[in-house]
Amino acid sequence: MRSKILIRNLYKIYNEKKENEFFALKNINLNIKCGEIVIIKGISGSGKSTLLSLIGALSKPSSGDILVNEQNIAKLPDIFSSQYRNEEVGFIFQSFNLVDGLSVYDNVKAPLVLSNINQDELKKKINLALEVANIAHKSQQMVSNLSGGEKQRCAIARALVNSPSLILADEPTANLDKNNSLIFVDILKKFKQLNKTVVVATHDTIFDNLAFVDTYVNIEDGAII
Amino acid sequence: MINKNFVDFSILLLLKDKKEYLFSFFIFTFIVFLASSILFISDSIKHDLFIALDKQHQIIVKNTKSGRYTPLSEEHIDSILQISGVDNVKGKVDGYYYFAQDRRYFHIVVDESLDEHSMIISSEIKSILAKFKYTTQFNFLTQDGITSLDIKKVIKSNIISNDVILVNEDIARKILNMDEDEYSYLDVLVPNNSEIDFISLKIVDLYPDIKVKTKNDLKSDYEYVFYYKGGIFMILYIVSMISFFILLKNQISSVFGEKKREIAIFRSIGFAIKDIIFLKFIQNSVVALCSYFLGVFLAYIFVFIFGAPLLKNIFLGHDASHIIFTPIVDVKTLFVMFIFTVIPFLASILLPAWKIAVEDMSEVIK
Amino acid sequence: MFFIKRILIIFFIFLVIIIGDLVTYDYVEKEDKIKEISSKMTSISPSFSFASKEYKKFVYDK
């Protein structure tokens, strides 16, 4: 199978060459194939979220390469890394990161406003994402009025709306109860069926020993063990 | 980059945060309204005064004694007529009558077409006289006793005629207590315009106490008056703009503190730095342009349709209720005001937005 | 876009009122009136009185 993400000798150092220099990631090498589901496990502060933000081009590594679809995203200028995030990546965050004061529909619409697509296509894409995330019935509700699980599903719909090939989930179940966590696990299965490459950073045991997960990666003190 | 979906979304976010924008919208509208009103009023007054100036003679001569104005005599006329280049010199009677009951001055102007029993007054004077029951005639208190004149006609008040009473020359002399051979001013007619300054100097050489005013001197006097008034308002305007930007800066730092997360969310879903700046640009352009145009439109209606209550008194004094401003819109000055209000406003918003957009957002959105 | 259209309509109404006022105002009549009265005066001075007496004196006695 073709490589989706290839990480080579990746380092992320905060406060480089200062007294309080801190190695968030040390010499990470990872190969994730297309359509794989990868769970990155580790305790808080182990560096798993940093790794995810580097794969998602939210921040830049200190050294090393991150090849996504054989293109090095580590040194992309802002305009291209933003385009990459918009078209290739769907983020799901622990705190959902929805825009309060907007409806579910408008939150899901946000990634699409950068492209000049017509209104019909826009509506079609949003409704499809809402259906997949099972939140279509709440589309006109304000996100501030939603429960934690509903917010999570809204965030999933937003992550899916641009049909990205890569889904990055950072502690997706940390703010959810058991039932909603299990629903998320089911959605992961759906992602697998849709042939999405998914990287989940978590310390939740609910993700342990899942049959459909292709790889488990353990991180400790910024290094893969 | 510019697409309908993006503009729609920016407006949607603007409406979502409308409460935060209302503050800057109202203050900004008020400042533009005030500045435009002042501009409209002073432009209108200047316009009327300069029209009036067109009909003036080239040189006007006044006499002074101990620094006070005193009448001129026939002797002055004769000697000025001797200066080569002077075509004619006319003595004129003109002055102020103090109406003690209302503690104000009426400007007595000669109109040769009137007889000895009638006068023409402005609508402002008419309403002042009406307050004291003088509806058909008015009694002037003169040195020789009371002089009664009938109100023949009422003319519209304007910037020149507001305090004017037109009377026959003999009556004017009576009211102003001037003898037959006395004149308030002299009009000197010089056919060659290039000789005006030279002849003015000659007149002053003849009579050092005489004050000579050319048309250009009068023009600069008016400009001085309006620069003086305009200058005060300019300082007020600058002070209000500075306080506005200080308030705006405080508001921006508190609002952008909360908005940091929102900007980071947009960055995470693919908004580039330029998209964030463009989004803020659209939102604040809508606020700034709406404020600017609303301010200017309201100022126009306030000044030229409602006659600028309150502000009119600051410019024209307390007895100006009958003056109607001539609608004059100086597009060039409005454009300068646009540059000095909208551009700093946008800059003061876009710079902090850019600062936040370039920050590492991975920590903010964890 | 609906919001912008609504604002544009409001501004358009303002503009119509202002242009209507500018077009219907009789500038010629006002100019004639000012010229007529100023031609009668030897020395025109703004006829308004200033709020401060000193300032009025300064203007008229210049």
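Chain letters run A, B, ... following the sequence lines, proteins first, then strands; residues in each count from 1. Computed from heavy atoms alone, side chains included, the values below leave out hydrogens, waters and symmetry copies.
- In this structure, chain C has no heavy atom under 4.5 Å from any part of Leu12(B).
- Side chain of Asp32(C) to main chain of Glu29(C): no donor-acceptor pair is present (N/O by atom type, distance under 3.5 Å, no hydrogens or angles).
- Only the side chain of Ile4(C) comes within contact range of chain B, judged by heavy atoms closer than 4.5 Å.
- Note: Thr326(B) OG1 to Asp43(B) CG = 11.0 Å, rounded to the nearest 0.5 Å.
- A cation-pi arrangement is present between Arg173(B) and Tyr183(B), with the terminal nitrogen or guanidinium carbon under 6.0 Å from the aromatic centre and inside a 45° cone about the axis.
- Residue contact with chain C, scored on non-hydrogen atoms closer than 4.5 Å, involves the backbone and the side chain of Leu294(B) alike.
- Contact tally against chain C (heavy-atom pairs below 4.5 Å) for Thr64(B), Ile155(B), Ile328(B), Leu166(B): the top residue is Leu166(B).
- Only the side chain of Tyr300(B) comes within contact range of chain C, with heavy atoms under 4.5 Å apart.
- A ring-centre distance under 6.0 Å is found for Tyr25(C) and Tyr27(C).
- At a 4.5 Å heavy-atom cutoff, the contact between Ile7(C) and chain B is made by side-chain atoms alone.
- No side-chain donor-acceptor contact under 3.5 Å links Ser44(B) to the backbone of Phe40(B).
- Note on Leu298(B), Asp217(B), Ile305(B), Val286(B): by heavy-atom pairs under 4.5 Å with chain C, the leading option is Ile305(B).
- Heavy atoms from other residues, nucleotides or ligands lying under 6.0 Å from OH of Tyr98(B) number more than 12.
- For a residue to count as touching a neighbouring chain, one of its non-hydrogen atoms must lie under 4.5 Å from one of that chain's; by this rule Phe2(C) does not touch chain B.
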